[in-house]
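As a basis for the values below, the full set of heavy atoms in this structure was taken, side chains included, without hydrogen atoms, waters or symmetry mates. Counting starts at 1 for both ligands and their atoms, in listed order.
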Amino acid sequence: MYIELQRDERVALLTIDRPEALNAMNVEMLNELSVAIEQTEDDDEVRALVITGRGKAFIAGADIAHMQGFSPQQAKEWSELGQSTVGKIESMKKPVIAAVNGYALGGGTELAMACDIRVASDRAVFGQPEVKLGMIAGFGGTQRLTRLVGPGMAKEMLFTGDHYDAEAALRMGLVNKVVPADELLPYCLDMAKRIASRGTLAVRLSKEAVNHGRDMDLEKALHLEATLYAVVFSTDEPCEGCGAFLEKREPKWTSS
Ligand code: HXC
């Protein structure tokens, strides 16, 4: 087993667990990851997910031994398997926080980018070193990196294969925050609990508005926002949220 999935009340914690290979991703791990994501999505109790890695790495990339000697067809299938797996994280209805505890290289940076929010330990290291192996990023890196940090920084990372520390990742907008290593999980779990305490549908539709609106022109994206705003009002969440504020009490959400 390469994936450990735990739940504490409303928050699930998924740990990538192959520390002897710095959590390098193989087929079995990607398949287990897919199952764990589906389980988390289907669990009505869970409102937010945190993903981290065991040991000194978040994920040191795709398994290099697995890729050596690929035919072009095998390479395409591997890229598509990785893309669809990390794509499941991005398209989850529930919010996902990457707690980047160490090396996040190649597929590791790519998986982190498919999460909604990235928090880095001060020991985290990011990079897209595929060119050093004579290949290109293939789990979404050429596209999500460009959207996240802009084409200039994305090209620098993709062309040089250099490593970037957590502070550099923060400066380029690749991560939201850097925290001391021993505060990483408490910080991320606390943020996940805060998110889990908010309007369930409101959080879900905020994610949908950002994810689906970002590739639309502004007019269409604003139309999407107004439509989703109306959808929330088809439930009793806004009534409960506003009522709780006015009555100076905590809201009680009913939807899952
Ligand atoms: C397979 C890996 C691995 C990887 C580390 N290991 N990364 N095995 N695939 N990606 C293994 C090592 O072989 C070693 O195994 C053990 O983990 C510990 O690694 P060390 O190198 O001894 O650790 P250290 O000296 O601390 O160096 C850490 C490191 C280095 C800087 C992260 O391991 C490294 O550069 N790894 C490769 C990173 C990389 O290139 N990632 C991108 C992969 S391509 P043994 O058995 O010797 O103890 C990719 C493409 C995605 O991700 C898209 C595909 C379509």
Any protein heavy atom under 4.0 Å from atom 25 (O) of ligand 1? no
Going by an N to O cut-off under 4.0 Å, is there a salt bridge joining K76 and E80? yes
Tell me whether the rings of Y229 and F233 are parallel (<30°), tilted (30 to 60°) or perpendicular (>60°). tilted
Can you tell which part of L133 has a heavy atom less than 4.0 Å from ligand 1: side chain, backbone, both or neither? side chain
Just checking, is any N or O donor in the side chain of Q128 or Y164 under 3.5 Å from an acceptor N or O on the other one? no
Identify which one of K94, R10, R47 satisfies the side-chain hydrogen bond (donor to acceptor under 3.5 Å, both in side chains) criterion when paired with T200. R47
Sub-4.0 Å protein heavy atom next to atom 17 (O) of ligand 1: yes
Heavy-atom distance from atom 13 (O) of ligand 1 to the protein below 4.0 Å? no
Contact partition for F139 relative to ligand 1, non-hydrogen atoms under 4.0 Å: both
Answer yes or no for atom 46 (O) of ligand 1: protein heavy atom present at a distance under 4.0 Å? no
Check whether any side-chain heavy atom of L14 lies under 4.5 Å from a side-chain heavy atom of I16, and answer yes or no. yes
CA sep, side-chain torsions, deciding dist, call: S91, N211, side-chain hydrogen bond (donor to acceptor under 3.5 Å, both in side chains): CA-CA 8 Å; S91 57; N211 279 4; over 6 Å; no
Could any protein non-hydrogen atom be found less than 4.0 Å from atom 28 (C) of ligand 1? yes
Looking at atom 9 (N) of ligand 1, tell me if a protein heavy atom falls under 4.0 Å from it. yes
Test T15 against I51 for side-chain contact (heavy atoms from CB on, under 4.5 Å), laying out the working first. CA-CA 6 Å; T15 306; I51 300 182; over 6 Å; no
Is a salt bridge present between E208 and K93, judged by a nitrogen-to-oxygen distance below 4.0 Å? no
Under 4.0 Å to a heavy atom of G107 - the qualifying atoms of ligand 1, by number: 49 (C), 51 (C), 52 (O)
Are K88 and E38 ion-paired here, with the side-chain N under 4.0 Å from a carboxylate O? yes
Test of understanding: given a 4.0 Å heavy-atom threshold, classify the contact between A60 and ligand 1 as side chain, backbone, both, or neither. both
Following the transitive rule for hydrophobic clusters with a side-chain heavy-atom cut-off under 4.5 Å over Ile, Leu, Val, Met, Phe, Trp and Tyr, establish whether V50 and V100 coincide in one cluster. no
Short list, please: which atoms of ligand 1 are under 4.0 Å from a heavy atom of G61? 52 (O)
Check whether any protein heavy atom sits under 4.0 Å from atom 34 (C) of ligand 1. no
Would you say E20 contacts ligand 1, with heavy atoms under 4.0 Å as the rule? yes
Are any non-hydrogen side-chain atoms of V119 and Y187 less than 4.5 angstrom apart? yes
Write out the residue and atom name of the closest protein heavy atom to atom 53 (C) of ligand 1, then the distance separating them to 0.1 Å. G138 N, 3.4 Å
Do M172 and M157 touch side chain to side chain, with heavy atoms closer than 4.5 Å? yes
Which bit of K56 gets closer than 4.0 Å to ligand 1, counting heavy atoms only: side chain, backbone, both or neither? side chain
Contacting atoms of ligand 1, where contact means under 4.0 angstrom from a heavy atom of P129: 39 (C), 40 (O), 41 (N), 42 (C)
If we count only non-hydrogen protein atoms and require a distance under 4.0 Å, does atom 22 (O) of ligand 1 qualify as touching the protein? no
For ligand 1, indicate whether the residue M67 contacts it via side chain, backbone, both or neither (heavy-atom separation under 4.0 Å). side chain
Shared hydrophobic cluster, V96 / F139 (ILVMFWY, side-chain heavy atoms < 4.5 Å): yes
Shortest heavy-atom approach to atom 32 (C) of ligand 1 - which of N23, I59, L105, I136: L105
Is ligand 1 under 4.0 Å from a heavy atom in the side chain of A62, in the backbone, in both, or in neither? both
Ligand 1 contacted by G82 (non-hydrogen, < 4.0 Å): no
For E110, the ligand 1 atoms with a heavy-atom partner under 4.0 Å come out as 51 (C), 53 (C)
